[in-house]
Amino acid sequence: MTLKREIEAVAICRTPYKQKFGIPRQPGLVTAARGFVELQPPYNHIDTVRGLSQYSHIWLLFTFHENLSQGWKTTVRPPRLGGNEKLGVFATRSTFRPNGIGQSVVRLHAIHQRKGKVELEISAMDLLDGTPILDIKPYIPFSDAIEGAIGGIAHEAPVLIDVRFCDAVLGQLDKLSKDKYPNLKAIIEGVLAQDPRPAYKKAKEDPKHYQVALYDLDILWHVDETGILVDAVRPVQP
Ligand code: SAM
């Protein structure tokens with residue numbers, strides 16, 4: 001059955017995550033990361049969110065906009081299974097889906113109305129900066145939180161690994177503006193503790209150096225025998 005109905009983004013999500021690599025795989029994993037859901041005209045009227053602040057969390061329905069052009073397959077290789085085993089696309093939270101729709105429950109901190117904009121301040125999201133938001137709904141614990149639900153391959157949060165910073169980086173982080181880079185050190189720790197590398201890399205020695213982009217910074221790191229060591233923080237290279 002083909003439903004031809006044009007839908008448009010009601011908002012755009014602004015987050016510190018400027019590239020897909022490193023974004024937590026689900027919401028709630030990096031609580032230090034704050035973002036904003038910027039309502040777009042004609043939905044940016046304060047009345048559209050009247051009463052929303054009585055909820056602590058909201059659902060965001062969105063599109064995996066950076067993946068839409070790559071289509072979808074009937075089966076995917078979930079990272080949790082080491083990238084070897086295949087599961088049906090509907091048995092996973094894959095980002096390559098028939099309609100490219102994602103859903104995330106995020107913490108709602110405040111609703112701001114400023115300079116003609118209506119923005120929802122959120123945290124603990126798993127969305128790329130610029131993600132189009134299709135719908136916003138209040139999280140309703142009595143029906144959304146299912147006691148004893150079974151989570152299949154994703155029954156538990158990912159195992160965290162240790163994250164350390166070299167002294168030079170600690171000095172640098174101290175000097176960076178807390179307004180421009182809110183919670184930067186905690187976000188770096190939260191993101192890297194998830195070990196963003198592809199599953200097959202985690203099995204063996206990995207001499208490679210990696211980089212994740214947070215705000216307008218590149219965070220450089222590598223894995224050693226005790227976990228992840230952050231080697232450098234520098235402005236994104238043009
Ligand atoms: N919680 C959502 C869900 O279950 O539908 C998303 C889960 S999905 C595994 C989370 C990943 O989607 C992130 O780690 C990031 O790599 C990717 N992602 C986030 N925003 C995206 C976007 N706008 N386009 C493409 N991929 C995106």
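First listed ligand is number 1; within each ligand, the first listed atom is number 1.
The protein non-hydrogen atom at the shortest distance from atom 10 (C) of ligand 1 is R25 O, 3.4 Å. Here the protein heavy atom with the shortest distance to atom 16 (O) of ligand 1 is K20 O, 3.5 Å. Summary of contacts: the protein heavy atom closest to atom 4 (O) of ligand 1 is R93 NH1, 2.6 Å. Nearest protein heavy-atom neighbour of atom 27 (C) of ligand 1: F64 CD2, 3.7 Å. Among all non-hydrogen protein atoms, the one lying nearest atom 2 (C) of ligand 1 is Q103 O, 3.0 Å.
Of all atoms in ligand 1, listed by their number and element, those nearer than 4.0 Å to a heavy atom of T95 are 8 (S), 11 (C), 12 (O), 17 (C). In summary, the atoms of ligand 1 found under 4.0 Å from a heavy atom of P27, numbered by their order in the structure, are 1 (N). Interface of D126 with ligand 1, defined as ligand atoms under 4.0 Å from a residue heavy atom, comprises 1 (N), 2 (C), 6 (C), 7 (C), 10 (C), 13 (C), 19 (C). Residue-ligand proximity, L127 to ligand 1, at heavy-atom distances under 4.0 Å covers atoms 19 (C), 20 (N). In summary, the atoms of ligand 1 found under 4.0 Å from a heavy atom of G102, numbered by their order in the structure, are 5 (O). With ligand atoms numbered from 1 in the order given, ligand 1 contributes 13 (C), 14 (O) to contacts under 4.0 Å with heavy atoms of P24. Heavy-atom proximity to E66, at under 4.0 Å, picks out these atoms of ligand 1: 24 (N), 25 (C).
Across V118 and H45, no two heavy atoms sit closer than the pair CG2-C, 4.3 Å. Nearest approach of P16 to M125, heavy atoms of both residues: CD-CE, 3.7 Å. Across all their heavy atoms, P132 and F62 have their closest contact at O-CB, 3.1 Å. Scanning both residues, S104 and L127, for their nearest heavy atoms gives OG-CD1, 3.7 Å.
Side-chain N/O atoms of T226 and D162 include no donor and acceptor closer than 3.5 Å. A side-chain donor from one of N67 and K20 sits under 3.5 Å from a side-chain acceptor of the other. Defined by atom type and a distance below 3.5 Å, a donor-acceptor pair is missing between the side-chain atoms of D129 and T15.
Aromatic ring centroids of F96 and W72 lie 6.0 Å or more apart.
A salt bridge links D195 to R197: one of the charged nitrogens lies within less than 4.0 Å of a carboxylate oxygen.
In terms of N/O distances under 3.5 Å, ligand 1 is approached by L128. On a distance-only criterion, I23 and ligand 1 share at least one N/O pair closer than 3.5 Å.
Atom CD of residue Q172 and atom NZ of residue K185 lie 13.5 Å apart, to the nearest 0.5 angstrom.
Within the structure, the closest approach of T63 to ligand 1 falls below 4.0 Å when heavy atoms are considered.
Atom 23 (N) of ligand 1 has its nearest heavy-atom neighbour, among H65, Q70, R80, Q194, in H65.
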